[in-house]
Amino acid sequence: MASAGLQFFAFILALFGIFGDITATLLPNWKVNADVGSNIITAITQMQGLWMDCTWYSTGMFSCTLKYSVLSLPVYVQAARTTMVLSCILSAFGICITTVGMKCTKLGGDTDSKSHTCFAGGVCFILSGIFGLVPTSWYTREIISNFMDATVPESSKQEPGGAVYIGFIAAGFLLIAGVIFCTSCFKKQQGPWIDPTKQQHFPSTQQENNAGYNLKDYV
């Protein structure tokens, strides 16, 4: 029962992870303009995402432009697009697979089959978390290096947006869920393990002598 409850907890974490993954992939605020120097008070907030760039005005209006050209994008943005989509796909596969392999469901056949299925789902979650962690880390590194560059004017400096933090949290949830699913599938040994080479073997001749001795007692 404890293992089933732990798997259910991991499943909830995985659901939060996949929702966070999808949200981070679609949000346009991976980069926002930094409020530094003379740029502290601005009427316009510029945001850049994986698929579009948006501008928010103080009047409450939004203006977004889609990024149609893939080849014109920086390498880290292209990599972030690919890995985040792969992360969403793998986490969706993990949800479907673990639903069959969880101990609290009646799907998936016998216990051994459910354990293997659950382990496969945990591997999908771990890979999904890695694919989600790589682009967010790379994207954050590029933003920080650009921010620390003295040649970049203060009006062009940017900082990580909310989508990056959501991506980090979602990747953490998926990694934790994957580890829990993988470790919960191993069976615990019922007794102490004994090395077969150290077990005592009694020869058959000794057993025959004991049997003969017992027969002589009745003569």
Side-chain angles (χ1 to χ4, degrees), residues 12-96 124-178:
I12 297 299
L13 286 180
L15 287 178
F16 281 115
I18 187 174
F19 288 145
D21 237 4
I22 296 173
T23 303
T25 304
L26 298 178
L27 280 178
N29 59 338
W30 280 65
K31 285 194 297 187
V32 297
N33 58 325
D35 296 332
V36 293
S38 60
N39 200 34
I40 295 178
I41 301 176
T42 57
I44 298 175
T45 301
Q46 295 179 346
M47 300 175 291
Q48 296 183 18
L50 301 180
W51 312 97
M52 65 181 69
D53 296 336
C54 293
T55 303
W56 179 79
Y57 301 92
S58 59
T59 57
M61 298 293 293
F62 269 97
S63 176
C64 295
T65 304
L66 293 175
K67 297 179 179 179
Y68 292 104
S69 178
V70 178
L71 298 178
S72 62
L73 298 174
V75 177
Y76 67 94
V77 177
Q78 297 180 22
R81 278 186 172 188
T82 305
T83 51
M84 288 302 292
V85 171
L86 287 176
S87 178
C88 294
I89 294 174
L90 284 173
S91 58
F93 279 140
I95 291 292
C96 298
C124 287
F125 287 140
I126 292 176
L127 293 177
S128 175
I130 293 174
F131 279 133
L133 191 62
V134 169
T136 50
S137 301
W138 192 359
Y139 211 100
T140 304
R141 178 185 175 278
E142 293 293 332
I143 295 174
I144 293 175
S145 62
N146 180 269
F147 187 87
M148 301 301 294
D149 191 355
T151 61
V152 178
E154 292 182 350
S155 59
S156 300
K157 291 184 181 295
Q158 296 170 322
E159 59 187 5
V164 175
Y165 300 111
I166 294 175
F168 273 119
I169 296 173
F173 282 162
L174 290 171
L175 287 173
I176 294 173

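Note that this is a predicted model, so its numbers are computed, not measured.
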S.K.: Would you compute the distance between atom CD1 of I18 and atom CG of L90 and round it to the nearest 0.5 angstrom?
M.R.: 10.0 Å
S.K.: Which atoms form the tightest heavy-atom contact between A80 and L50, and what is the distance?
M.R.: CB-CD2, 3.7 Å
S.K.: Taking atom OH of Y76 as the centre, does the number of heavy atoms from other residues, nucleotides or ligands within less than 6.0 Å exceed 12?
M.R.: yes
S.K.: I'd like to know whether V77 forms a side chain to side chain contact (heavy atoms under 4.5 Å, CB included) with Q48, so could you lay out the CA-CA distance, the side-chain angles of the two residues, the decisive distance to 0.1 Å, and finally the verdict.
M.R.: CA-CA 10 Å; V77 177; Q48 296 183 18; over 6 Å; no
S.K.: Is S128 reaching over with its side chain to a backbone N or O of C124, donor-acceptor style, under 3.5 angstrom?
M.R.: no
S.K.: Hey, could you give me the CG/CG distance between L174 and L15, rounded to the nearest 0.5 Å?
M.R.: 10.0 Å
S.K.: Any chance you could measure M52, atom CE, to L26, atom CG, to the nearest 0.5 Å?
M.R.: 8.0 Å
S.K.: Please name all residues satisfying side-chain contact (heavy atoms from CB on, under 4.5 Å) with S63, sequence neighbours left out, ordered by chain then number.
M.R.: Y57
S.K.: Do other residues, nucleotides or ligands put more than 12 heavy atoms under 6.0 Å from the CZ atom of F168?
M.R.: yes
S.K.: For M84 versus D21, what's the shortest heavy-atom pair and its separation?
M.R.: CE-OD1, 3.5 Å
S.K.: Can a donor-acceptor pair be found, under 3.5 Å and without considering hydrogens, that links the side chain of W30 to the backbone of T25?
M.R.: no
S.K.: I need the minimum non-hydrogen distance between N146 and Q158, along with the two atoms involved.
M.R.: OD1-N, 4.5 Å
S.K.: When you look at T55 and F62, which way does the side chain to side chain contact (heavy atoms under 4.5 Å, CB included) test go after all the steps?
M.R.: CA-CA 6 Å; T55 303; F62 269 97; over 6 Å; no
S.K.: Locate the shortest heavy-atom distance separating A24 from A163; write the atom from each residue and the value.
M.R.: CB-O, 3.5 Å
S.K.: So which heavy atom on A170 is nearest to which on G20, and how close?
M.R.: CB-C, 3.7 Å
S.K.: For side chain to side chain contact (heavy atoms under 4.5 Å, CB included), just list the numbers for W138 and V75, CA-CA rounded to whole Å, side-chain angles, deciding distance to a tenth of an Å, and then say yes or no.
M.R.: CA-CA 10 Å; W138 192 359; V75 177; 4.0 Å; yes
S.K.: Kindly compute the distance separating CE (M47) from CG (D53), expressed to the nearest 0.5 Å.
M.R.: 9.5 Å
S.K.: Supply the atom-to-atom distance C64 SG to W51 CH2, rounded to the nearest 0.5 angstrom.
M.R.: 15.0 Å
S.K.: Given 3.5 Å as the limit, does a donor-acceptor pair link the side chain of N29 with the main chain of G161, or not?
M.R.: no
S.K.: Which residues satisfy the side-chain contact (heavy atoms from CB on, under 4.5 Å) test with I143, sequence neighbours excluded?
M.R.: K31, Y139, P160
S.K.: If I compare all heavy atoms of R81 with all of V70, which pair ends up nearest, and what's the gap?
M.R.: NH1-CG2, 3.6 Å
S.K.: Let me confirm one number: the CD1-CD1 distance from I176 to I126, rounded to the nearest 0.5 Å.
M.R.: 11.5 Å
S.K.: Could you go through I95 and F125, starting from their C-alpha distance and side-chain angles, then the distance that decides it, and tell me whether this counts as side chain to side chain contact (heavy atoms under 4.5 Å, CB included)?
M.R.: CA-CA 8 Å; I95 291 292; F125 287 140; 3.8 Å; yes
